[in-house]
There are 2 protein chains.
Amino acid sequence: MLGEIGVADTPEKCIVVAMKVLDPFDIALLNALQADNRATADALARTVALSPSAITRRIRRLKDSGVIDRDVSVLSPALAGRRLSAIVQIQLHDHAEEAGLAVLRQRLLASNHVQSCLEVSGSFDLFLTVTARDMAEFNAFADTMLAKDAAIRRYETSFVKKALKQTLAIPLDARDAG
Amino acid sequence: MLGEIGVADTPEKCIVVAMKVLDPFDIALLNALQADNRATADALARTVALSPSAITRRIRRLKDSGVIDRDVSVLSPALAGRRLSAIVQIQLHDHAEEAGLAVLRQRLLASNHVQSCLEVSGSFDLFLTVTARDMAEFNAFADTMLAKDAAIRRYETSFVKKALKQTLAIPLDARDAG
DNA sequence: ACTGAAACCGTTAGGGC
DNA sequence: GCCCTAACGGTTTCAGT
């Protein structure tokens with residue numbers, strides 16, 4: 001569905017395969033949808049200066065071209081607050097084999113306890129956000145997923161006391177237009 | 001934006017009041033909607049063993065009661081990959097005044113460069129995920145938001161080399177019912 | 001300069017809820 | 001009533017003659 005990024009056969013234009021460029025209308029639309037994707041075309045038409053049908057056409061196009069990856073519901077932070085969230089910073093072995101790393105990555109991505117998994121620069125290599133019902137479940141996760149893994153040299157855990165903000169929205173502006 | 005757990009100070013925040021319990025149908029619905037909130041009631045009815053009209057009723061109720069906080073579009077990771085993401089770990093001054101902290105928190109939450117802001121245990125106090133168009137914009141953010149702030153003792157930045165996974169989904173199961 | 005295709009837009013009418 | 005979808009007609013752009 002979505003092309004791989006940045007294989008720059010053409011320097012500027014290949015943001016997404018089927019999507020030439022994003023014009024200011026697309027930018028406005030994407031920002032609105034990142035805040036509320038259940039807004040009706042009529043409602044969006046009041047914000048974006050387009051007709052409802054033009055809105056729906058563009059949304060359709062943005063989705064088909066893969067600019068919009070998915071549409072999801074976000075549960076209440078209050079609900080999340082009843083659970084346990086942890087930040088896990090992982091240091092890998094310097095000479096870890098790629099095969100072992102691939103297995104680790106795959107296992108982490110497959111686990112629905114893992115909310116985010118980022119490769120980072122610095123003294124640690126991987127950065128996880130982990131969610132669990134309680135400490136027992138987190139310990140089970142750590143024991144089975146992290147402690148035994150041969151590619152992991154060490155890891156450090158910080159527990160989230162309070163989530164003040166969490167979003168995946170990317171703020172776009174005119175400079176993101178093609 | 002974020003509700004305190006179980007504290008009903010404002011109508012929108014009191015989650016469990018309007019929502020007595022989540023039964024297994026609600027759990028299944030929430031898991032489905034966290035993956036795809038544009039799924040039609042008919043499609044959901046094939047997964048969840050309920051009629052389409054019952055589905056829409058329940059979704060309506062979950063939204064009104066605040067269990068579902070919001071519905072959003074998530075942009076392509078490929079688009080995000082063109083930008084710069086950073087993890088910023090912040091250590092506050094031991095004797096920082098609450099007033100200064102509140103100002104800092106508010107400024108961080110108001111910035112749309114800040115994707116997540118978490119209070120954590122451990123040697124650092126705050127945990128940020130920051131998105132910026134490029135290094136220049138990130139530096140501008142760090143200079144204006146972090147470097148000058150009196151409440152901040154020090155901060156460490158790790159740059160995201162590759163985002164392998166990012167979601168806000170909370171995996172629910174039968175034990176979350178009741 | 002002319003033309004035809006393509007990509008837009010906006011307005012409609014029909015169907016569901 | 002509102003909402004979504006599909007189809008129609010008008011406008012602009014641009015390549016090629």
Side-chain angles (χ1 to χ4, degrees), chain A residues 1-3 5 8-75 169-170 172-178, chain B residues 11-12 18-19 23 25-26 28-76 78-79 82:
Chain A
M1 174 171 297
L2 175 76
I5 62 159
D9 38 37
T10 66
E12 278 273 314
K13 306 261 175 157
C14 76
I15 298 177
V16 179
V17 177
M19 200 77 191
K20 319 173 199 289
V21 288
L22 301 177
D23 66 14
F25 292 118
D26 291 319
I27 301 293
L29 220 40
L30 290 172
N31 283 330
L33 292 174
Q34 287 186 100
D36 177 13
N37 76 354
R38 298 284 266 251
T40 68
D42 282 348
L44 290 168
R46 272 166 237 134
T47 309
V48 184
L50 286 175
S51 74
S53 64
I55 302 270
T56 60
R57 267 192 298 260
R58 291 177 97 108
I59 293 177
R60 179 70 173 168
R61 197 167 50 115
L62 290 167
K63 209 169 309 191
D64 288 346
S65 67
V67 175
I68 295 176
D69 181 50
R70 59 193 197 273
D71 293 282
V72 301
S73 291
V74 180
L75 301 195
I170 298 170
L172 302 174
D173 65 24
R175 285 168 296 182
D176 295 295
Chain B
E12 305 89 25
M19 201 78 193
D23 67 14
F25 293 117
D26 292 319
L29 261 180
L30 290 172
N31 282 331
L33 292 174
Q34 287 185 98
D36 177 13
N37 76 353
R38 297 294 261 254
T40 66
D42 284 346
L44 291 169
R46 272 168 237 131
T47 308
V48 184
L50 288 176
S51 74
S53 64
I55 301 271
T56 57
R57 241 190 326 259
R58 280 175 182 258
I59 292 177
R60 181 67 180 167
R61 195 167 50 112
L62 289 166
K63 208 171 308 189
D64 289 344
S65 68
V67 175
I68 295 175
D69 181 50
R70 57 195 201 273
D71 292 283
V72 303
S73 291
V74 180
L75 301 194
S76 158
L79 202 95
R82 299 229 143 198

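Each chain gets a letter, A, B and so on, in the order its sequence line appears, and its residues count up from 1.
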Peer 1: Just do the side-chain contact (heavy atoms from CB on, under 4.5 Å) check on A:L44 and A:I59 with the steps written out, would you?
Peer 2: CA-CA 11 Å; A:L44 290 168; A:I59 293 177; 3.9 Å; yes
Peer 1: Roughly, in whole Å, what's the span from CG in A:L44 to P in C:dG10?
Peer 2: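 Rounded to the whole Å, the gap is 14 Å.
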Peer 1: Is it the case that the side chain of A:D69 and the backbone of B:V74 share a donor-acceptor pair, with hydrogens and angles ignored and the cut-off at 3.5 Å?
Peer 2: no
Peer 1: In whole Å, I'd like the distance from the CZ atom of A:F25 to the C1' atom of C:dG10.
Peer 2: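 In whole Å, C:dG10 C1' and A:F25 CZ are 13 Å from each other.
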Peer 1: Just how far, in rounded Å, is C1' of C:dC8 from CG of A:L62?
Peer 2: 14 Å
Peer 1: A:I55 CD1 to C:dG10 P: how many Å, rounded?
Peer 2: 8 Å
Peer 1: Between A:D173 and A:R175, does at least one N-O distance fall below 4.0 Å, as a salt bridge requires?
Peer 2: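 Salt bridge present between A:D173 and A:R175.
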Peer 1: From CG of A:D64 over to P of D:dT5, roughly how many Å is that when rounded to an integer?
Peer 2: 12 Å
Peer 1: Would you mind reading off the distance between A:R38 atom CZ and D:dC2 atom C1', rounded to a whole angstrom?
Peer 2: 16 Å
Peer 1: Taking atom CG of A:D71 and atom CG of B:N37, what is their separation to the nearest 0.5 Å?
Peer 2: 5.5 Å
Peer 1: Round to the nearest Å and state the distance from A:R46 atom CZ to D:dC2 atom P.
Peer 2: 10 Å
Peer 1: Considering residues at least two apart in sequence or located in another chain, which fulfil the side chain to side chain contact (heavy atoms under 4.5 Å, CB included) criterion with A:T47?
Peer 2: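 Applying side chain to side chain contact (heavy atoms under 4.5 Å, CB included) to A:T47 gives none.
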Peer 1: Only counting residues at least two apart or in another chain, list the ones meeting side-chain hydrogen bond (donor to acceptor under 3.5 Å, both in side chains) with A:D42.
Peer 2: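 By the side-chain hydrogen bond (donor to acceptor under 3.5 Å, both in side chains) rule, A:D42 matches no residue at all.
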Peer 1: Polar pairs (N or O, both sides) under 3.5 Å between protein and nucleotides 11-17 of chain C?
Peer 2:
from	atom 1	to	atom 2	distance (Å)
C:dT11	O4	A:S53	OG	3.4

Peer 1: For A:N37 and D:dC4, give me the distance from atom CG to atom P, rounded to whole Å.
Peer 2: 12 Å
